[in-house]
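Heavy-atom basis, side chains included; hydrogens, waters and symmetry copies ignored. All chains are named by letter (A, B, ...) in the order of the sequence lines, taking the proteins before the strands, and each is independently numbered beginning at 1.
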Protein chains: 2
Amino acid sequence: MKEKKYKSEEEFLKHYNPDDFERLSATVDILITSVSDTPTQNYRKLNKKSFSVLLVKRNTFPFKDKWCLPGGFIDVKETIDHAVERVLSNETNLHNIYTEQLYTMGEVDRDPRMRVLSIAYMSLIDKNELTDKLPFNAAWFDISINERDQFVDIKLKSEKEEINFTVEKLLVQQTTAKYKYNIVENKDIAFDHASIIALGIERLKNKIEYTDIVFNMMPKLFTLGELQQVYEVILGRTLLDAAFRRIIKNKVMKTNKMRTGGGHRPSVLFKYKEPRL
Amino acid sequence: MKEKKYKSEEEFLKHYNPDDFERLSATVDILITSVSDTPTQNYRKLNKKSFSVLLVKRNTFPFKDKWCLPGGFIDVKETIDHAVERVLSNETNLHNIYTEQLYTMGEVDRDPRMRVLSIAYMSLIDKNELTDKLPFNAAWFDISINERDQFVDIKLKSEKEEINFTVEKLLVQQTTAKYKYNIVENKDIAFDHASIIALGIERLKNKIEYTDIVFNMMPKLFTLGELQQVYEVILGRTLLDAAFRRIIKNKVMKTNKMRTGGGHRPSVLFKYKEPRL
DNA sequence: TGAATAGTGTCTGTGAGACAATATTAT
DNA sequence: ATAATATTGTCTCACAGACACTATTCA
C-alpha cells in the first residue's frame, strides 16, 4: 500500500485495498464429544461407559477417505461463532450445545491446498438427545488412551472400524505445565486433527476437575453411580465412592425419582444444580 | 470449484484453486504484561507494585492516534508462532518469553478495513530485563480495576496519560463460569482490544492461583514480600503472610543472598524452583 | 527508640483419602 | 441366598484462614 496521507478514517477506508496483502483461509473444526453406554452381559452389572468422539469420513480430496473432525470454512461474512453453530447443526439436531475454543492451529503446511488456519473448538453433548440419524459419513468412536513416557497412544473404535494413532506429549512451558502434541504415528486422521483430539482430551481431563463441564454430557436425570462412571472414564482412573459423593454433593440435587430394575439396590436420580456465581 | 473426479491427491492439488473461496486476513495481537515498581516517599516502605500492560499508539488509519496491543498481520508463509515472535522482538529485546494463546476474536466488523481475525496472545515478562528503549510510540500502563455488578471499569495510567474504559462481564457458560467482555464505554482503545485486555486480566487472575505463571514476570532473585506483592496486585486483594508462605514454599528455593538497606529487617532472596512434572 | 518489614508458631475448621459397614434389590 | 450396586460413617492427615508473636534493621 502506498504511503499516503489521508485526512480522515473515512477517506482512508475508501482507498484501502485489502488485496495489498495476500490473504488466507480459516476453518472451524469441532471436537464433538459425549459418553456412550455399552450394555453388559451380567444383568446385575451397570452399563459400561466410554468417552467418545464424533468423526466424519472425508469423501473428497485432500485426505480422501480419512477421518476428520466436523468442520468447515469460515465465510468472510460470518462470525466464528456462527460458523461453529452452522457446523454443529449439520452434524446434530441440538441447539444450545456447550462449545469452547480449544486452540487455533497455524502451521503453514497443515493443509496441502493452501494456507488455512484452523480454529479448533470442543463441544460436549448428551448423545442420547440426538434424534436424527447421523449423517452417513459420520460415526462415533470410543476413545481409549495409553500413556507411555512422553508418548500417548490413542485408540478410536467405532462399530465398524478401529483407528490408532500416537502423539508425542511435549512440554512447551514449565511454569504452567503446558504441553503440545506432535503426531508421530497416524494413518487414518486427516490434517492435524489428531493433535486437536489429544489437546481436547487433555483440556477436558483438566476442566472436569475444577468446573461443572461434565454435566453438559449428562442426561437431565442421572444416578451418582453413572456420574462417577463418567468421571472415571474421562480421568482414566477409579475414584472412591465416598470421596466422590462429597465432591459433587454441592453440584447436584436429589429428585424424588429412583432408578430400579438392576439386580441391586435402586438408586436415587439426581439433577444438576447450577452454582451461584 | 467444479465437482470433478480426481484420481489422486496430487492431481487434485494441481487443479485446486484457492480463490474459489473469498479469503480473509489474520493478525496476532499480544497483551504484554509485567509488574512495575513505584518508589515510595517513606524510606522504610517497600516500593509499590502495579500490574502493567504495554500499549502502542497507532499512527496510521484506522483508529489513528488510539492505543492498541502490539500486533501484526500473519504472513501467508509464516506460522502463528513465528508472527508472535516477530511482534515480540519488535517491541522487546527479549527471547524465550512466556506466551500463551488467549482467544481468537472473530466478529465480522472488528476491523473496518476488511475481515480480520485476531489471534490474541498473552505474554508475561520481567520489565527490568528490557534494556533497549521502548519504541517511541509504545508505553507501559499501570492497570487498576473496579468491578461494580456486571460492569468492570478499567483504568490504564502511563507516565503521560490516563485511559478509561468499561466492559460488561457477561456469563456465557454456566457450567464452566465462562464470561465474555463486551465493550460498553471506550474512547481510546482501538479495535476490540479492550475486550482482549479484560479477557487477559481474567485469565491471569485465574492462572496465578493454580500455576507458576507469575514467575515469568519476576526477576531471577526476589524476596517473598515482593512475590506476595505481585500476587496481591494481580488478585486485587491482600493475602495473609503466613498462609502465602505456606502456599509458595514448594515453588521457591532459598538462596544465600539477602536484600538489605530498607529501614527494617533484611529479607532472604529466593529463586524459582521448577516443579517436577 | 520506633516504624516498618521479615519470618515463625499455633489453633481451628474444612475437606480429601482410605476403608469399613450397612441397605436394597432381582434372580 | 447371593451378587452387585447404593449409601453412609468415621478415622486420619494435609492444609488454609486467622491471628499472635518474635526478629531485625536504619534514620
**Q.** 5′-ward residue of the pair H264(A)/A242(B) relative to DNA chain D
**A.** H264(A)
**Q.** Cationic N near anionic O, under 4.0 Å, K48(A) to D37(A)
**A.** no
Q: Give L46(B) one of three labels, base, sugar-phosphate or nothing, depending on what nucleic acid heavy atoms sit under 4.0 Å from its own.
A: sugar-phosphate
Q | Atom pair distance, as rounded to whole Å: CZ in R245(A) and P in dA18(C) | A | 18 Å
Q | NZ or CZ of K169(A) within 45° of Y179(A) ring axis and under 6.0 Å | A | yes
Q) What's the closest nucleotide to the Y43(A) side chain, out of dA6(D), dG17(D), dT27(C)? A) dT27(C)
Q.
On DNA chain C, does the nearest nucleotide to L269(B) precede the nearest nucleotide to G263(B) from the 5' side, or the other way round? Give the residue.
A. G263(B)
Q. For the residue pair Y272(B) and F215(B), does the interplanar ring angle fall in the parallel (under 30°), tilted (30 to 60°) or perpendicular (over 60°) class?
A. parallel
Q. Given atom OH of Y231(A) and atom P of dA16(C), what is their separation to the nearest angstrom?
A. 12 Å
**Q.** NZ or CZ of K249(B) within 45° of F270(B) ring axis and under 6.0 Å
**A.** no
**Q.** D241(B) CG - dA4(C) P separation (whole Å)
**A.** 15 Å
**Q.** Nearest listed nucleotide, side chain of L240(A), among dG17(C), dT10(C), dT8(C)
**A.** dG17(C)
Q. Tell me: CG of L239(B) to C1' of dT5(C), nearest whole Å?
A. 16 Å
Q | Protein-nucleotide distance (Q228(B), atom CD; dG17(D), atom C1'), rounded to Å | A | 14 Å
Q) Between D212(A) and K251(A), is there a salt bridge with N-O shorter than 4.0 Å? A) yes
Q | I248(A) CD1 to dA16(C) P, straight-line distance once rounded to whole Å | A | 11 Å
Q: In whole angstrom, give the distance that lies between atom CZ of R246(A) and atom C1' of dA14(D).
A: 13 Å
Q) Is the distance from OP1 or OP2 of dA4(D) to the nearest side-chain N or O of N42(A) less than 4.0 Å? A) yes
Q) Is any N or O donor-acceptor pair between the side chain of R44(A) and the base of dA4(D) shorter than 3.5 Å? A) no
(Q) Just N and O in the side chain of R265(A): are any of them under 4.0 Å from OP1 or OP2 of dA23(C)? (A) no
Q) In whole angstrom, what separates Y210(A)'s OH from dG15(C)'s P? A) 21 Å
